[in-house]
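Following: one structure in structure tokens, then a few remarks.
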Amino acid sequence: MMPSASSKIMDKIKKMAMDQVIYVDGHIYRFNRTKFDVKNDAVFSFEMMSTNTSPNVKGSESANLVESGRRVSAKIAVLSRNCYKEQLQWYPISKKSDVVKLVKLQINAASSQVLFIVGKAVNGNTPVIYYYLNEFTCGLRAWLLVPETSLLGLAQPADSLLSYQTINPCNTVFVSTSRLAGTVSALQGGMIQNLDQFALSQGVNTQSKAHFSAEEHIQTLQEQLQYLYQLPLTGFVNKLAFSLNTGITTLSHFALPMVAVITLYLVLAVQVSEFKADSVNKKLRAATKNANFVLNQYQDINEMIGRYLQLADNTPENIQLLDVWHVLAPMFESGVMIDNVQQQGQTVTLRLRADSASQALQLLIKQGGVTNAKFVGSVRRQRNMDAASIQFELKSVIPLNGESETIIGYQQNNPSLGPK
């Protein structure tokens, strides 16, 4: 599949942007795209930039680096952890402008170039991380000097630990990202030989740990360069680069084109991100619609099941009601007035009025299928009639040899006893 014109333009812009970035660790390296992975994303490695100064002369390494730094025109230099020392300092001041003033006073009094990051105030105290640069950074003309640990910290969640391998296989760096202090680090050595000892020295207790190999370290740095704007870049400005040449010609020849390229890259990156986000949102809305449809069907099914269960609970047992009617029919004919009938399983309770409650009980006992008939409570005499409650158990009537019990035969021979 042939790449589209937009992808070709984006690749050229990315290449132009990466040409303005170098990596410093004893030597000067550039990010070199070596291949593409299975997702068609570029895979990068470090390629050392050549120099004319002989490295075989004793004591010439620093001079070699200085000369190379002066000849390199890249505007952003990512500094290896070997290029600086870190110091975390808390100031009992919450106003950021006052903290910046104190930081500038301390930087001006330092014997070497110092970079810094001012963190967010916590309970009236503000953390500041100082980066004291060593001789590896001398002569660099890049406008921004970015400590690599601050850049790697952007890729890690808060309150987590990271260890990674540098270009030198003997060097391992430990990094801690804290919600309060920010990103702090240390080189392996002395009392710190592993990640647990580093966590103990920082007072960090977390289960979130990660390790980057040298290749993963390079790839993560390249990926995090697009989030460089999230760092407080004012503390990373290379003042020595501007003091070496401050002419208007340099500004017009280098600054403006670079700003235009970076701006164009950021605008296109934002547009691509918005397009991808819109596509994901459309898929999410479609999935949500389908999920809501399934959920509504599920609720409808549950409602129908609930209605069915209610209907099943309230459905009368026709056979039992018929048996009760067979028992009560003769009592109605004898003049017994029944005020209330309650049935629970095979147990039936009647509240009735009759000329004689005892005769009504005897009539009930004579009915087929009736057992354990008895009065419940006392019998009261009201208006020349007995008022009583009778409870009995009802057995199912089973026909034998084609003949039914007395109750069934009674109704068959007296169809007038049915409901009118």
Side-chain angles (χ1 to χ4, degrees), residues 22-29 59 61-66 68-70 72 74 76-91 93 96 98-120 125-154 162-164 166-168 170-178 180-192 198 201-203 217 221 228 231-244:
I22 59 174
Y23 182 80
V24 182
D25 187 6
H27 296 280
I28 296 179
Y29 302 85
E61 183 175 358
S62 298
N64 183 9
L65 186 61
V66 170
S68 299
R70 289 176 178 175
V72 174
I76 300 175
V78 180
L79 305 181
S80 165
R81 183 60 179 82
N82 296 321
C83 295
Y84 57 88
K85 294 182 180 179
E86 282 186 12
Q87 180 186 2
L88 172 62
Q89 187 167 347
W90 288 84
Y91 293 95
I93 305 172
K96 187 173 182 179
D98 294 338
V99 176
V100 172
K101 292 178 182 178
L102 289 177
V103 170
K104 289 182 177 179
L105 289 176
Q106 184 161 341
I107 288 176
N108 293 333
S111 58
S112 61
Q113 188 174 2
V114 183
L115 309 177
F116 66 91
I117 291 180
V118 179
K120 295 182 180 180
N125 296 310
T126 302
V128 178
I129 302 177
Y130 292 99
Y131 303 92
Y132 293 90
L133 308 185
N134 56 26
E135 67 278 4
F136 289 153
T137 63
C138 295
L140 292 176
R141 297 178 60 185
W143 296 346
L144 291 179
L145 304 179
V146 183
E148 68 172 355
T149 50
S150 65
L151 200 57
L152 292 173
L154 296 176
L162 166 69
S163 63
Y164 65 89
T166 63
I167 297 177
N168 187 342
C170 298
N171 288 338
T172 300
V173 183
F174 306 113
V175 181
S176 168
T177 56
S178 169
L180 303 180
T183 302
V184 294
S185 64
L187 285 167
Q188 182 183 29
M191 299 295 294
I192 301 177
F198 170 70
S201 68
Q202 297 295 323
H217 163 238
L221 282 178
L228 184 62
L231 293 173
L233 301 180
T234 54
F236 295 161
V237 175
N238 184 11
K239 297 180 180 179
L240 297 179
F242 291 97
S243 63
L244 293 175

Item to check | Euclidean distance, Leu231 CG relative to Leu154 CG, rounded to 0.5 Å | outcome: 4.5 Å
Checklist entry - Which heavy-atom pair separates Arg81 from Ala186 by the least distance, and what is that distance? => result NH2-CA, 3.8 Å
Next on the checklist: Please evaluate residues Leu144 and Val237 with respect to the criterion side chain to side chain contact (heavy atoms under 4.5 Å, CB included), reporting the C-alpha separation (whole Å), side-chain torsions for both, the decisive distance (0.1 Å), and the verdict.
Outcome noted: CA-CA 5 Å; Leu144 291 179; Val237 175; 4.2 Å; yes
Item to check | Heavy-atom side-chain proximity of Ile76 to Leu228 below 4.5 angstrom | outcome: yes
Checklist entry - Relative to the ring of Tyr130, is the ring of Tyr91 parallel (under 30°), tilted (30 to 60°) or perpendicular (over 60°)? => result perpendicular
Item to check | Pairwise distance OG1(Thr166) to CG(Asn82) - rounded to 0.5 angstrom | outcome: 5.5 Å
Checklist outcome for this item: Rounding to 0.5 Å, atoms NZ (Lys120) and OG1 (Thr126) come to a distance of 12.0 Å
Item to check | Rounded distance (nearest 0.5 Å) linking atom CG of Asn171 with atom OG of Ser80 | outcome: 7.5 Å
Item to check | Nearest heavy-atom neighbours spanning Ala110 and Tyr132 | outcome: CB-CE2, 4.4 Å
Checklist entry - Hey, what's the ring geometry for Tyr131 with Phe236, parallel, tilted or perpendicular (30° and 60° as the breaks)? => result perpendicular
Checklist entry - What are the two closest heavy atoms between Phe174 and Ser163, and how far apart are they? => result CD2-CB, 3.7 Å
Checklist entry - Rounded to the nearest 0.5 Å, how far does CG of Leu102 lie from CD1 of Ile107? => result 11.0 Å
Next on the checklist: Could you tell me if the side chain of Thr183 sits less than 4.5 Å from the side chain of Ser150, heavy atoms only?
Outcome noted: no
Checklist entry - Any idea which heavy atoms bring Pro232 and Ile117 closest together, and the distance? => result CG-CG2, 3.6 Å
Checklist entry - Does the side chain of Leu115 come within less than 4.5 Å of Tyr84's, by heavy atoms? => result no
Checklist entry - How about Ser112 and Asn134: do any of their side-chain heavy atoms sit closer than 4.5 Å? => result no
Checklist entry - Do the side chain of Gln113 and the main chain of Leu133 share a donor and acceptor less than 3.5 angstrom apart? => result no
Checklist entry - Testing Asp25, Leu140, Val146 for side-chain contact (heavy atoms from CB on, under 4.5 Å) with Leu79, which one passes? => result Leu140
Item to check | Worked check of side-chain hydrogen bond (donor to acceptor under 3.5 Å, both in side chains) between Thr149 and Glu86 | outcome: CA-CA 10 Å; Thr149 50; Glu86 282 186 12; 3.1 Å; yes
Next on the checklist: Ignoring hydrogens, what is the shortest heavy-atom contact between Pro127 and Leu180? Give both atom names and the distance.
Outcome noted: CG-O, 3.5 Å
Item to check | Distance, nearest 0.5 Å, that separates OH of Tyr164 from OG1 of Thr172 | outcome: 10.0 Å
Checklist entry - Does any N or O in the side chain of Asn238 come within less than 3.5 Å of the main-chain N or O of Ala142, such that one atom is a donor and the other an acceptor? => result yes
